[in-house]
Amino acid sequence: MLSGEEGGCDCGKVRYRLEAEPIVTKCCHCHACQRQTGSAFALNLVIETAHITLLGESPEAVEMPTESGHGQANFRCPHCRISLWSTFHQAGDKARFVRAGTLDNTHAVVPDLHIFTKAKQDWVVVPEGAEAFEAFYSGKDVPRVFGEANAARWKAVLER
């Protein structure tokens with residue numbers, strides 16, 4: 001259960017609390033995520049912006065490229081520069097892709113799906129039976145992977 005969990009940056013000036021469970025938790029193995037995190041993947045909790053309470057200073061947006069060409073706004077602490085979340089322009093400002101590593105309790109996070117596995121590092125093992133996609137998943141996969149209730153939440157995010 002992640003509702004009520006708090007997180008923040010290294011210097012502690014940007015803090016937040018999740019007020020609901022994430023819609024979905026994605027492990028992205030694309031080269032852009034590898035480059036931007038300096039790691040083998042990015043682990044993001046997708047949640048409606050309205051379900052994040054800011055407890056400290058506001059992060060600032062830095063525009064970043066994505067493989068889709070649509071780009072994303074990456075929100076960083078203005079002091080220590082830690083990336084806290086992103087917004088992907090296809091979803092607009094109604095959802096945040098919260099970096100799971102910024103939570104105070106990272107042990108509660110398990111990915112619901114793995115995307116862009118064609119670019120994953122050879123030593124990374126996706127658990128057997130996990131939802132995994134060589135690139136991105138299709139809309140028809142959303143109800144199965146997200147669950148019906150969370151698929152409805154995601155649909156509401158996409159409606160502008």
Side-chain angles (χ1 to χ4, degrees), residues 1-10 16-53 64-76 82-160:
M1 300 293 292
L2 295 172
S3 182
E5 290 288 332
E6 294 185 8
C9 64
D10 272 351
Y16 66 87
R17 180 176 47 247
L18 302 178
E19 303 294 354
E21 291 299 312
I23 295 170
V24 69
T25 302
K26 297 180 182 185
C27 185
C28 183
H29 299 270
C30 78
H31 291 297
C33 283
Q34 291 176 23
R35 191 171 36 258
Q36 290 173 21
T37 63
S39 185
F41 50 80
L43 189 56
N44 292 309
L45 311 168
V46 182
I47 189 168
E48 298 93 331
T49 302
H51 293 312
I52 299 174
T53 299
M64 306 290 290
T66 61
E67 285 190 20
S68 71
H70 296 289
Q72 69 178 358
N74 190 306
F75 287 79
R76 296 177 175 274
I82 293 298
S83 174
L84 294 134
W85 57 71
S86 297
T87 58
F88 287 80
H89 297 302
Q90 301 126 301
D93 194 44
K94 292 167 78 175
R96 298 280 189 258
F97 292 68
V98 177
R99 301 291 185 267
T102 65
L103 287 170
D104 295 340
N105 176 16
T106 58
H107 297 287
V109 180
V110 177
D112 296 307
L113 70 148
H114 295 259
I115 57 175
F116 292 99
T117 59
K118 67 181 177 191
K120 79 172 185 58
Q121 297 298 310
D122 292 339
W123 54 268
V124 172
V125 178
V126 175
E128 189 173 326
E131 291 283 353
F133 301 88
E134 283 193 2
F136 205 70
Y137 50 89
S138 72
K140 68 178 174 52
D141 296 312
V142 170
R144 184 187 81 251
V145 177
F146 289 30
E148 291 294 332
N150 286 346
R153 288 171 64 193
W154 183 242
K155 182 179 179 187
V157 163
L158 296 178
E159 294 173 349
R160 296 182 196 199

For Gln34 and Phe41, which heavy atoms make the closest approach, and how far apart are they?
-> CG-N, 4.3 Å
Determine, step by step, whether Phe146 and Val46 satisfy the side-chain contact (heavy atoms from CB on, under 4.5 Å) criterion, reporting the C-alpha distance in whole Å, the side-chain angles of both residues, the deciding distance to 0.1 Å, and the verdict.
-> CA-CA 11 Å; Phe146 289 30; Val46 182; over 6 Å; no
Below 4.5 Å, heavy atoms only, C-beta onward: do Tyr137 and Leu113 meet side chain to side chain?
-> yes
For atom CD of Glu134, decide whether the heavy atoms of other residues, nucleotides or ligands shown that lie under 6.0 angstrom number more than 12.
-> no
Working to the nearest 0.5 Å, report the span between OG1 of Thr106 and CD of Glu5.
-> 9.5 Å
So do His114 and Pro127 actually touch side chain to side chain, heavy atoms under 4.5 Å?
-> yes
Could you pull out the closest heavy-atom pair between Ala20 and Arg153, with the gap in Å?
-> CB-NH2, 4.3 Å
Check Ser3 against Glu21 and note the closest heavy-atom contact, atom names and distance.
-> N-OE2, 2.7 Å
Which heavy-atom pair separates Asp104 from Gly7 by the least distance, and what is that distance?
-> OD1-CA, 3.6 Å
The reported gap from SG in Cys30 to NZ in Lys120 (rounded to nearest 0.5 angstrom) is 14.5 Å
ring-ring contact (aromatic ring centres under 6.0 Å, His included) assessment of Phe116 paired with His29 | CA-CA 5 Å; Phe116 292 99; His29 299 270; 9.5 Å; no
Can you check whether Gly8's main-chain N or O pairs, donor with acceptor, with Thr102's side chain at less than 3.5 Å?
-> no
Residue pair Ile52 / Trp85, side-chain heavy-atom distance below 4.5 Å = yes
Does some side-chain heavy atom of Asp112 sit less than 4.5 Å from a side-chain heavy atom of Lys26?
-> no
Taking C-beta and beyond as the side chain, do Thr25 and Val109 meet within less than 4.5 Å on heavy atoms?
-> yes
What closest approach, in Å, do Val126 and Ala132 show between heavy atoms, and which atom pair accounts for it?
-> CG1-CB, 4.2 Å
Interatomic distance, Phe136 atom CZ to Cys28 atom SG [nearest 0.5 angstrom] = 8.0 Å
Residues Ala151 and Pro143: closest non-hydrogen pair is CB-CA, 3.8 Å
Distance, nearest 0.5 Å, that separates NE2 of His51 from CD of Glu19 = 9.0 Å
Quick one: do Glu159 and Lys94 make a salt bridge, cutoff under 4.0 Å?
-> no
Ring-ring centroid check Phe75 Tyr16, cutoff 6.0 Å | no
Gap between atom CE of Met64 and atom OG of Ser86 - 0.5 Å precision = 8.0 Å
Would you say the side chain of Leu103 lies within less than 4.5 Å of the side chain of Leu45, judging by non-hydrogen atoms?
-> yes
Report yes if the side chains of Asn74 and Arg99 come closer than 4.5 Å at any heavy-atom pair, otherwise no.
-> yes
Hey, are the side chains of Leu43 and Cys27 touching, using non-hydrogen atoms and a 4.5 Å cut-off?
-> yes
Counting distance only, does the side-chain N/O of Thr49 pair as donor-acceptor with the main-chain N or O of Ala95 below 3.5 Å?
-> yes
Without swapping roles, check the side chain of Asn105 against the backbone of His107 for a donor-acceptor pair under 3.5 Å.
-> yes
